[in-house]
Every structure is written in structure tokens, then in C-alpha cells.
Amino acid sequence: MRVYKFGGASVKDANGVKNLAAVLEETGYSNTLVVVSAMGKTTNAMEVVIKNYFENKGELQSSLHEVIKYHNEILLDLFDNERHAVFTTVKALFDELNLFFKSNKSPDYNYVYDQTIGFGELISTTIISHYLNDIGLKNNWLDVRDFIKTDNYYRRANVNWEETQENISKNLDRGLLNITQGFLGSDSNNFTTTLGREGSDYTAAIFAYALNAKSVTIWKDVPGVLNADPRYFENATLLNQISYREAIELAFYGASVIHPKTLQPLQQKEIPLYVKSFLNPKAGGTCVSKGKTLEPEAPCFIVKKNQILIALSSLDFSYIVEENISEIFRLLHLYKMKVDVIQNSAISFSVCVDNIYNNRDKLLQHLKAKFNVTCYDDVSLYTIRHYTDEAIKELEKDKTVLLKQLTQETVQIVTK
């Protein structure tokens with residue numbers, strides 16, 4: 001069995017949905033599970049809806065209407081008859097979303113986020129499933145929440161692998177073309193959970209692991225895994241093949257093509273991962289598999305924007321040793337900061353973090369009780385794997401370097 005994953009850019013409009021169908025027809029679709037993200041920028045739009053729910057209820061319905069309007073335009077482009085059952089099904093999903101906003105009593109942002117953000121995926125897969133059935137690609141629509149079970153760590157839930165494996169093994173018909181959602185799961189109380197932004201790739205890997213799939217293919221708007229993000233770097237080069245280890249390193253440092261959690265379950269069962277272009281499905285793309293060397297050999301560039309660099313020093317010039325470092329990491333964990341790079345000397349400690357949960361001010365207040373604290377907001381963290389002196393020099397040009405750290409294969413540079 002094969003697992004395909006299509007991201008939001010691949011189904012951003014009616015033509016994208018039609019192209020998804022063309023990819024399936026060109027590559028074959030028997031014994032295939034298709035994981036689909038929300039359409040286009042729906043997740044971003046839904047985050048605006050959720051923000052308005054908490055901060056500006058007067059704009060809630062207006063922002064929600066924009067999401068409804070966007071999907072209705074795609075429906076009208078795909079289906080000739082407005083009496084088609086898909087219109088009723090999609091409307092029912094939006095009605096369910098609206099009802100949640102009216103009836104919810106929980107003040108917990110993370111809980112509300114997870115109960116509402118995934119309607120983008122539920123609606124996109126509903127539209128695609130109906131369209132494929134209409135053109136003769138018979139498929140089975142699955143609610144992923146019935147299969148992937150997690151804890152209740154909302155917005156970044158942890159998978160219950162044993163229960164998930166059992167659900168998929170017992171309840172998924174491998175002989176059909178199956179369509180399901182990425183990004184979502186459910187906890188023991190059947191509340192919706194999410195696997196973290198860009199978690200649809202991870203969804204595909206979870207299913208592949210449980211199904212002992214032949215392969216996973218991620219369909220992107222790029223030709224494969226590139227050695228740099230073309231939005232930020234010129235002359236990006238396609239990597240034809242890379243090893244699991246190298247791909248995990250790239251993902252760990254923030255490469256946007258592959259989700260950090262995606263590769264571990266695939267590596268455990270040596271399931272190859274292909275990253276291909278949905279605009280050119282017969283092109284080779286990139287193969288990630290066991291023992292594959294980096295080909296071609298070239299520096300790989302990664303950038304993470306909007307990071308925070310926190311520089312600490314002891315109040316009394318005492319050494320920053322195990323006890324202090326342990327306390328720093330306890331606070332980073334307490335305030336759910338994602339650590340990207342650390343550097344320490346005898347009396348100083350610097351850490352670059354991703355402020356996912358907006359706990360910056362609380363963390364700094366806590367740290368100032370024990371340390372001298374300097375904070376740099378909106379910094380950029382650059383990582384170069386397999387760096388050269390020339391690559392470092394070019395990257396640092398016209399930038400203020402706040403932190404620089406080199407190992408044998410990797411250099412990380414924080415700039416303002």
C-alpha cells in the first residue's frame with residue numbers, strides 16, 4: 001500500500017483539486033491512502049477566526065464568512081449542481097463550527113484552537129472525496145480522528161501508538177482508495193487534537209508505519225527537497241537523494257519541506273519517502289531512504305525567522321554550571337519554549353527559542369529573578385549543513401551576528 005500526502009498549496013483552488021485527481025490517474029490510485037491538508041491558506045484564516053473569538057467577537061462572523069466564501073467558490077467551480085450533496089455536507093460542517101463558538105464555555109485557547117482549526121481539513125477532504133467520486137475515482141472518506149489517538153497536549157499532541165496501530169489495522173480497508181485528513185487526532189475523550197503545524201506529513205508517516213506501507217510520497221509545489229528555501233536563497237539545488245539521518249538533521253534544524261516528526265516512524269520500518277512536484281508527477285523528485293548519501297554534495301541552508309535570542313549572565317559573576325543550567329531548562333520547559341540553539345561559557349548562557357505559545361514575557365520575568373537578562377526579538381537563525389568558508393562568508397554579509405556556533409558538519413548563526 002502507498003501513502004500520498006497533498007498539502008494546502010496543491011489544493012488551493014478548483015484547478016488544484018482537478019490536478020490532484022490527474023496525479024492519481026497518472027500514478028495509479030489502487031491500494032492508496034491520500035492524506036490532505038486544509039485548502040490554500042485556510043489554516044491561517046482559521047487562526048484569525050480563533051483570534052477574533054477571543055479578542056474581537058464583533059469580527060468573528062465576518063472572518064468566518066471569508067472562510068465559508070472561499071470554500072463555496074471552490075465548490076461552485078467543481079460542481080455544476082448546487083443541489084449536489086457536497087453543498088449540504090460542507091454547510092453542516094460550518095454549522096457545527098459555528099455552534100461550537102456559540103456554545104463553548106472553555107477559556108483555554110489551546111483547547112479551542114484544536115476543536116476548531118481542523119475544520120479546514122475536514123472540509124477540504126469532503127470536497128475532494130465528492131469530486132473524485134463524481135469523476136469515477138471511487139474512494140472512501142475517513143475521519144482521521146477515529147484512527148489516530150493521542151494525549152490531550154493540545155496543539156502538539158503525542159500519539160498513542162498502540163491504540164492508533166490497532167485502529168488502523170482493524171478498521172482501514174486497504175483495497176480501497178482512502179481519503180483522510182492530515183494534522184488531526186483525538187484524545188481519550190474524543191476531543192479533537194492537533195499534531196503541530198505542518199503535521200499532515202506526520203499523519204502520512206503514522207499511517208505508513210501502521211500499514212507497513214510500500215512508500216510515502218509528499219506532493220509539493222517544489223521539485224523535491226532543495227538545499228535551500230528558494231524564498232530566501234538564490235540558486236537552490238534539487239537534492240536527488242538523501243539518507244534518513246541527513247533528512248532528520250535537516251528537519252531538526254527547521255527545513256520546511258519535511259516535518260521534524262515525519263521521518264522517525266519511516267526510518268524504523270525503512271519505508272522510503274519521496275518528495276515530488278504535483279505539477280510534474282513523473283519527475284524523479286527526492287528519495288529519502290536508508291543509506292542514501294547526499295547527492296549532489298552541497299551546503300544545505302536553513303533559516304528560521306522571528307526567533308528570540310535570550311542572553312543570560314550570573315548576577316554575581318559566579319559560574320553558570322549544572323544547577324543553573326538545569327533551572328534554565330526547567331523554565332524553558334515550563335513556558336513551552338522550543339529550543340533551537342544554546343551556547344554557554346563560564347558566566348554566560350545564550351539560547352535561541354521559538355516562542356510558539358507566546359510566553360516570552362512570563363519567561364523573562366522569571367529569569368530576571370536569578371540572572372542578568374538581555375533579550376533580542378525577531379532574530380533570524382541560519383543553519384548550514386556541510387558548510388564551507390565561502391558559504392559562511394556569503395551568509396554573514398551585511399548582517400549583525402549575535403551568536404555563532406560551529407561543529408564538524410554544521411554551523412548555526414543568529415543574526416539581527
Side-chain angles (χ1 to χ4, degrees), residues 1-7 10 20 23-24 27-37 121 125 128 139-150 157-186 193-196 198-220 224-225 241-248 250-252 255 257-278 281 284-292:
M1 190 168 189
R2 300 174 305 174
V3 177
Y4 282 177
K5 181 263 174 175
F6 289 87
S10 67
L20 181 151
V23 170
L24 293 177
T27 62
Y29 54 87
S30 62
N31 302 318
T32 301
L33 171 74
V34 178
V35 175
V36 187
S37 300
E121 279 75 14
T125 53
I128 290 165
N139 67 89
N140 185 34
W141 184 90
L142 305 174
D143 189 331
V144 72
R145 297 171 295 182
D146 295 333
F147 293 87
I148 295 181
K149 305 301 289 186
T150 72
N158 300 293
V159 175
N160 180 328
W161 284 95
E162 184 176 345
E163 191 173 355
T164 297
Q165 173 77 68
E166 183 177 1
N167 290 340
I168 293 173
S169 298
K170 286 185 176 180
N171 301 317
L172 191 144
D173 189 335
R174 296 166 185 252
L176 301 175
L177 169 61
N178 292 285
I179 310 291
T180 196
Q181 308 78 38
F183 184 46
L184 306 178
S186 67
T193 57
T194 60
L195 305 175
E198 310 301 328
S200 293
D201 291 357
Y202 187 35
T203 303
I206 293 167
F207 273 100
Y209 179 91
L211 292 166
N212 294 312
K214 177 182 177 183
S215 64
V216 173
T217 303
I218 298 174
W219 297 97
K220 306 282 286 187
V225 178
Q241 60 182 40
I242 52 178
S243 66
Y244 290 120
R245 180 182 181 278
E246 184 63 35
I248 288 171
L250 293 173
F252 173 80
V257 175
I258 303 173
H259 188 274
K261 290 183 180 179
T262 299
L263 294 157
Q264 283 95 343
L266 300 181
Q267 183 184 29
Q268 286 184 44
K269 292 194 174 180
E270 298 184 6
I271 299 169
L273 169 68
Y274 297 94
V275 182
K276 294 188 174 187
S277 168
F278 58 74
T286 301
C287 177
V288 184
S289 59
K290 181 181 179 182
K292 294 282 188 180

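Computed over heavy atoms, backbone and side chain alike; hydrogens, waters and symmetry mates excluded. Note that the numbering runs from 1 along the sequence shown for the chain.
- Between T194 and L184 the shortest side-chain heavy-atom distance falls below 4.5 Å.
- Here S186 pairs with K149 under the side-chain hydrogen bond (donor to acceptor under 3.5 Å, both in side chains) rule; sequence neighbours left out.
- One N or O on the side chain of S10 and one on the backbone of G7 form a donor-acceptor pair closer than 3.5 Å.
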*Start with the C-alpha gap between E121 and T125, add the side-chain angles, then the distance that decides, and say whether side chain to side chain donor-acceptor pair (under 3.5 Å) holds.*
CA-CA 6 Å; E121 279 75 14; T125 53; over 6 Å; no
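- Atom CD of residue Q264 and atom CD1 of residue I206 lie 11.5 Å apart, to the nearest 0.5 angstrom.
- For A213 against V3, the heavy-atom pair with the smallest separation is CB-CG2, 4.0 Å.
- The structure places CZ of R2 at 9.5 Å from CG of L177, a figure rounded to the nearest 0.5 Å.
- Qualifying side-chain contact (heavy atoms from CB on, under 4.5 Å) partners for N171, counting only residues two or more places apart in sequence or in other chains: F147, N167.
- Interatomic distance, T150 OG1 to R145 CZ, rounded to the nearest 0.5 Å: 12.0 Å.
- T32 contributes atom OG1, which lies 9.0 Å from atom CG of N178 (distance to the nearest 0.5 angstrom).
- In plain terms, the two heavy atoms of K220 and V275 that are nearest each other are CG-CG1, 3.8 Å.
- Looking at I128 and F6, their side chains never come closer than 4.5 Å, going by heavy atoms from C-beta outward.
- Q181 pairs in a side chain to side chain contact (heavy atoms under 4.5 Å, CB included) with only one of the listed residues (D143, L142, V35, I148), which is D143.
- For the side-chain hydrogen bond (donor to acceptor under 3.5 Å, both in side chains) test, no residue two or more places apart in sequence or in another chain qualifies with K214.
- When the shell of 6.0 Å around NZ of K290 is examined, it contains 12 or fewer heavy atoms from other residues, nucleotides or ligands.
- Across I271 and Y244, no two heavy atoms sit closer than the pair O-OH, 2.7 Å.
- None of L263, T217, D201, V225 except one satisfies the side chain to side chain contact (heavy atoms under 4.5 Å, CB included) rule with L273; the exception is L263.
- Atom CZ of residue F278 and atom CD1 of residue I218 lie 13.5 Å apart, to the nearest 0.5 angstrom.
- Rounded to the nearest 0.5 Å, atoms CD (Q165) and CZ (F207) are 11.0 Å apart.
- S277 is linked by a side-chain contact (heavy atoms from CB on, under 4.5 Å) to L279, N280, counting only residues two or more places apart in sequence or in another chain.
- Shown here for P265 and Y209, the closest heavy-atom pair between the two residues is O-CD1, 3.3 Å.
- The closest side-chain heavy-atom distance from K5 to T262 is not below 4.5 Å.
- The heavy-atom pair separating Q267 from I248 by the smallest distance is OE1-CD1, 3.4 Å.
- In this structure Q268 satisfies the side-chain hydrogen bond (donor to acceptor under 3.5 Å, both in side chains) test with no other residue, sequence neighbours excluded.
- The side-chain hydrogen bond (donor to acceptor under 3.5 Å, both in side chains) test applied to N139 returns S129, N133, not counting sequence neighbours.
- Residue A210 comes nearest to I168 through the heavy atom pair CB-CD1, 3.6 Å, listed as atom of the first residue, atom of the second, then distance.
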